[in-house]
Amino acid sequence: MDRKEALDSVEANVENQNLIKHMLATEALMRSLASRLGEDEDKWALTGLLHDIDVELTEGDASAHSQLGADLARELGASEEMAHAILCHNEAHGIGAETKLDKGLICADPLTGLITASVLVLPDKKLASLKATSVGKRFKAKSFAAGADREQIARCSELGVELDEFIELAVKAMKEIAPSLGL
Ligand SMILES: [Fe+2]
């Protein structure tokens, strides 16, 4: 599967630019996490890039979200392993995370949301000004960006990565693509 084809498909299926940015952020974090773990960086990155491709198509139907996404990913040439990670990242299906890739997506997805929310409350709203330690504090403030599931984020420990390191790695990965995120 080629990255350009994947991104073209994301852009064809998603209108909301913030949702596209969320997928770009998840792509960057998944690449960085794969690199940290010695896993296949392109495979992890593409899984992150595609994981919410069906959100608008499924119009908030939690039972359909990520089923369709997994199918669209397969059509683009994703492996079964990638399709499974996309499918099970929606916990509504009750399919447990099995592989490292499954777990990586489960913990990376909400962390990008927490980081974006942490940037948007900064005076200059710039990723460059964000410190990983302040994201760590936001993580503990449960009412802040409550949609970013802290339990899912904390599952980085199942991959042998402690929370502080995971947050640091994520902030760095997102800073590297800050212009594409508009942050
Ligand atoms: Fe997501």
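The first residue of the sequence shown is numbered 1, and numbering continues consecutively from there. Atoms within each ligand, like the ligands themselves, are counted from 1 in listed order. The basis for the numbers below is simple: all heavy atoms, side chains too, and nothing from hydrogens, waters or symmetry mates. No experiment lies behind these values; they were computed from the predicted model shown.
Residues in residues 14-43 take part in these salt bridge (Lys or Arg N to Asp or Glu O under 4.0 Å) pairs, two or more places apart or across chains: Arg3-Glu27, Arg31-Glu41, Arg31-Asp42, Arg36-Glu165, Glu39-Lys100, Lys43-Glu81.
In Asp52, the N, O or S atom that comes nearest to the Fe ion (ligand 1) is OD2. The Fe ion (ligand 1) lies closest to atom OD1 when only the N/O/S atoms of Asp109 are considered. In terms of distance to the Fe ion (ligand 1), the nearest N, O or S atom of His22 is named NE2.
For His89, every N, O or S atom stays at 2.8 Å or more from the Fe ion (ligand 1).
Around CG of Asp164, the count of heavy atoms belonging to other residues, nucleotides or ligands within 6.0 Å does not exceed 12.
Listed for the Asn90 side chain is a donor-acceptor partner under 3.5 Å among the backbone atoms of Ala62.
For His89 and His65, the ring centers are positioned less than 6.0 Å apart.
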